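Model, not experiment: these values are computed from the prediction. Within every chain, numbering begins at 1; the chains are lettered A, B, ... in the order of the sequence lines, protein sequences first and strands thereafter.
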There are 2 protein chains.
Amino acid sequence: MRDVARLAQVSVATVSAVVNSKQGVRPVLVNRVQDAMKALDYHPDQVARSLKVRRTTTIGVVIPEFASGFFMEVARGIEDTARPAGYSVLLCNSNDDLAQEERHLSVLFSRRVDGILLASTDPYSMGRRPFRPNVPIVLFDRVPPGYTGPAVVVDNRGAAYHAAKYLISLGHTRIALIAGRVDLSTGIERSDGFREAMEEAGLPVRAEFVKQGSFKAEGGYQAGLELLQMRDRPTAIFSVNSKMTLGLFKAIQELNVCCPDDVSLLGFDDLVLTEGFSFGELLKPELTVIAQPAYRIGCQATEMLLGILVRPRDGDPTGEASIARLKTELYIRHSVAPPASARN
Amino acid sequence: MRDVARLAQVSVATVSAVVNSKQGVRPVLVNRVQDAMKALDYHPDQVARSLKVRRTTTIGVVIPEFASGFFMEVARGIEDTARPAGYSVLLCNSNDDLAQEERHLSVLFSRRVDGILLASTDPYSMGRRPFRPNVPIVLFDRVPPGYTGPAVVVDNRGAAYHAAKYLISLGHTRIALIAGRVDLSTGIERSDGFREAMEEAGLPVRAEFVKQGSFKAEGGYQAGLELLQMRDRPTAIFSVNSKMTLGLFKAIQELNVCCPDDVSLLGFDDLVLTEGFSFGELLKPELTVIAQPAYRIGCQATEMLLGILVRPRDGDPTGEASIARLKTELYIRHSVAPPASARN
DNA sequence: CTGAAAGCGCTTACAG
DNA sequence: CTGAAAGCGCTTACAG
């Protein structure tokens, strides 16, 4: 920069001004500076700038896994909205491990990210975590009950409620649930919504019909095996995330159970591949699922964070209103049908 | 930091020394400093450090897409090897758009990343790109022919060669190819390997049996539709990436063609979901594919880059030897069978 | 409109 | 073993 200033015969302050396209610099000088920059192949140093302005225009995001269609869509949404705003994103994978998550967070803080987007593997501990008071953080996907900070999630309870309702409306009464992690809002709310619909319909939620799948493919697979081998098995199964659904699907295949004739399958979260291609549509039968607006979640969480970053910080007390709850959609395909009893 | 120094009654140099756990500081002072850090909730500022040491311990990686099982596995590999080495990764999505890629690269440079990992959407232009002379870059997945810089790729040609060979060994003679982008090494080499095997077997590669799928699901779908509706259709189809394979699969389903009885399908790249769960195994029939060591590609590319970063830079002239070519593996499942003619 | 100077928070020779 | 000082490459009041 000094070299540029010297070559252009101006002060570094002037160079700085043209680099940041501040107005009020004489055109002649602007040109001289630009020529000098070109001649010297000068590229401004963001890190020096960051040090001075105390802002890195970087946001840190930590998600529980990379190999997830859902979180990758969210990540796309984040990047697509952060980039145009001039922000870079440091994407970290906690691998659903709290220690890893904290380690990531701490390097993000030391790298002075301006804000953080987090899908915590343990949102309940948020309160007692050592966050930095002046770097805003917005949660997404998972949020502890009663959390009042900024967050964007999906209406899990409502979605599960409607899913169960749908199965019930078809005549199912023996409906099983493959539940997710009970320590995550997503898992809890989805189970709750399911239970609510069942209760409302006066249907029992049999203990042996609810299996813990922990959001893992293997869990869904095991649960499926157990459920389908019961003498008095369910006529429909609601699986509360996509990995478990796939595990369940595998169990169905292995056991040669016919879906949807023998058992209906309703999953949470669609498996999109590319625009217009969902894995759910490639399977036999095509999967009926509740689809989450993953990309939008990413966009909105980022917008929320960016909003906080520009606002005077002491403006709003990040009230109750700051948690956005997006709608899901039920994609009716072919894995759900009325139970055999209702078909005769 | 000054505050810490003052509270601990030492100089900032000493604080710096304990922060970086340099040895040779009197234990008493170490303790005093650590206590002071705790008391003041002091956290070292990486960006200031970076400015001084002229190193950010950050690597930039740009991949052509987020919503890709392959690239996400690579990303996992990258993160998993970069993190333990103390490096953060700035992950960018070029969306297979050259302009976007260059924009990302330029912000990565301005943020002073120490090195770059790139799966370029146009590796051929590498030579005339405005890279920074002193930030090393290692390519992966795609590499222009004749490229001599560091890179890690897969033995595409060999993999395709063996895949075709496998189909031929089963008795197939009318084998179609759904080719990928012809301007990418991956696309070219896979087609070449296929052709080589065919020639070697004295089999014609009929012009109407090779379709351009451009590595896209839609392309595979269209190609499939055309191929399968020929009066004299192929008995086997080799699809050169996973998206096209899925598109092709959809076409097969829609047309109600029986696979593998009527047509065999061999794909490139497996679709892993989670450890132990591949999408390819969930489809009917389960897909026979060439699997790439995606995670390993990420690890190795990162190791290579890290290696360059520690080495004296003027050490080796990044010779020919620096391009690593990993092996693939053929996963034989159920979408390939001998042609009907050979079965009778 | 432009320049000289201070300073962002660190590290690193250099003395002592 | 430790401290004082310079400097990394910028930006930003502050004069002029």
Q | Sole residue of A:Glu101, A:Arg142, A:Glu102 in side chain to side chain donor-acceptor pair (under 3.5 Å) with A:Ser120 | A | A:Glu101
Q: Please tell me if the side chains of A:Tyr87 and A:Leu306 come closer than 4.5 Å, counting only heavy atoms from C-beta onward.
A: yes
**Q.** Length of the line joining B:Lys22:NZ and D:dG3:C1', which is rounded to integer Å
**A.** 15 Å
Q. Any side-chain N or O of B:Arg54 less than 4.0 Å from the OP1 or OP2 oxygen of D:dG9?
A. yes
Q | Rounded distance in Å - CG (B:Asp3) to C1' (C:dC10) | A | 14 Å
Q. Got a sec, which residues hit side-chain contact (heavy atoms from CB on, under 4.5 Å) with B:Asp183, two or more places apart in sequence or on another chain?
A. B:Arg181
Q. Could you give the CD-to-P distance, from B:Gln23 to D:dC1, as a whole number of Å?
A. 9 Å
Q) For the pair made of CG in A:Leu29 and P in C:dC1, what is the distance, rounded to whole Å? A) 11 Å
Q) Of all residues at least two apart in sequence or in a different chain, which pass the side-chain hydrogen bond (donor to acceptor under 3.5 Å, both in side chains) check with A:Gln300? A) A:Arg296
Q) Just checking, any donor-acceptor pair under 3.5 angstrom between side chains of A:Thr81 and A:Glu303? A) no
Q: Could you tell me the separation between the CE atom of B:Met1 and the C1' atom of C:dC8, rounded to a whole number of Å?
A: 13 Å
Q: Would you please name every residue forming a salt bridge (charged side-chain N to carboxylate O under 4.0 Å, His left out) with A:Asp122, sequence neighbours left out?
A: none
Q.
Using a 4.0 Å heavy-atom cut-off, does B:Val19 contact any base of the nucleic acid, only the sugar-phosphate backbone, or nothing at all?
A. nothing
Q | Stretch residues 37-49 of chain B: residues that reach within less than 4.0 Å of DNA chain C through a heavy atom | A | B:Tyr42, B:His43, B:Pro44, B:Asp45, B:Ala48, B:Arg49
May I have the list of side-chain donor-acceptor pairs in residues 58-66 of chain A shorter than 3.5 Å, sequence neighbours left out?
from	atom 1	to	atom 2	distance (Å)
A:Thr58	OG1	A:Thr56	O	3.0
A:Thr58	OG1	B:Arg111	NH1	2.7
A:Glu65	OE1	A:Lys243	NZ	2.5
A:Glu65	OE2	A:Lys243	NZ	3.4

Q: Could you note down all residue pairs passing salt bridge (Lys or Arg N to Asp or Glu O under 4.0 Å) where residues 43-52 of chain B supplies at least one of them, sequence neighbours left out?
A: A:Arg112-B:Asp45
(Q) On the nucleotide D:dT12, are OP1 or OP2 found under 4.0 Å from the side-chain N or O atoms that A:Ser16 carries? (A) no
Q.
Can you list everything that forms a side-chain contact (heavy atoms from CB on, under 4.5 Å) with B:Arg103? Sequence neighbours excluded, please.
A. B:Ala99, B:Gln100
Q.
Nearest whole Å is fine: how far is C:dT2 C1' from A:Arg26 CZ?
A. 8 Å
**Q.** Non-neighbouring partners of B:Arg128 that pass side-chain contact (heavy atoms from CB on, under 4.5 Å), sequence neighbours left out
**A.** B:Ser125
Q: Go ahead and write out DNA chain D as dot-bracket, 5' to 3': ( ) for pairs within the strand, [ ] for ones crossing earlier pairs, | when the partner sits on another strand, dots for unpaired; Watson-Crick or G-U wobble, both distances under 3.5 Å.
A: |||.||||||||.|||
Are any protein N/O atoms closer than 3.5 Å to N/O atoms in nucleotides 5-7 of chain C? If there are, list each pair with its distance.
from	atom 1	to	atom 2	distance (Å)
C:dG7	N2	A:Lys52	NZ	3.4
C:dG7	N3	A:Lys52	NZ	3.2

Q) What residues form a side-chain contact (heavy atoms from CB on, under 4.5 Å) with A:Ser11, not counting sequence neighbours? A) A:Ala13, A:Thr14
Q) A:Thr14 side chain N/O closer than 4.0 Å to the phosphate oxygens (OP1, OP2) of C:dG3? A) yes
Q: Write down the distance between CD (A:Gln9) and C1' (C:dG3), rounded to a whole number of angstrom.
A: 14 Å
(Q) Need one value for B:Val10: base, sugar-phosphate or nothing, where a base atom within 4.0 Å counts as base even if backbone is also close, heavy atoms only. (A) sugar-phosphate
Output side-chain donor-acceptor pairs under 3.5 Å for residues 24-32 of chain B, partner residues at least two apart or in another chain, one line each.
from	atom 1	to	atom 2	distance (Å)
B:Arg32	NE	B:Ala8	O	2.9
B:Arg32	NH2	B:Ala8	O	3.0
B:Arg32	NH2	B:Gln9	O	3.3

Q) Atom CZ of B:Arg6 and atom P of D:dT2: how far apart are they, to the nearest Å? A) 20 Å
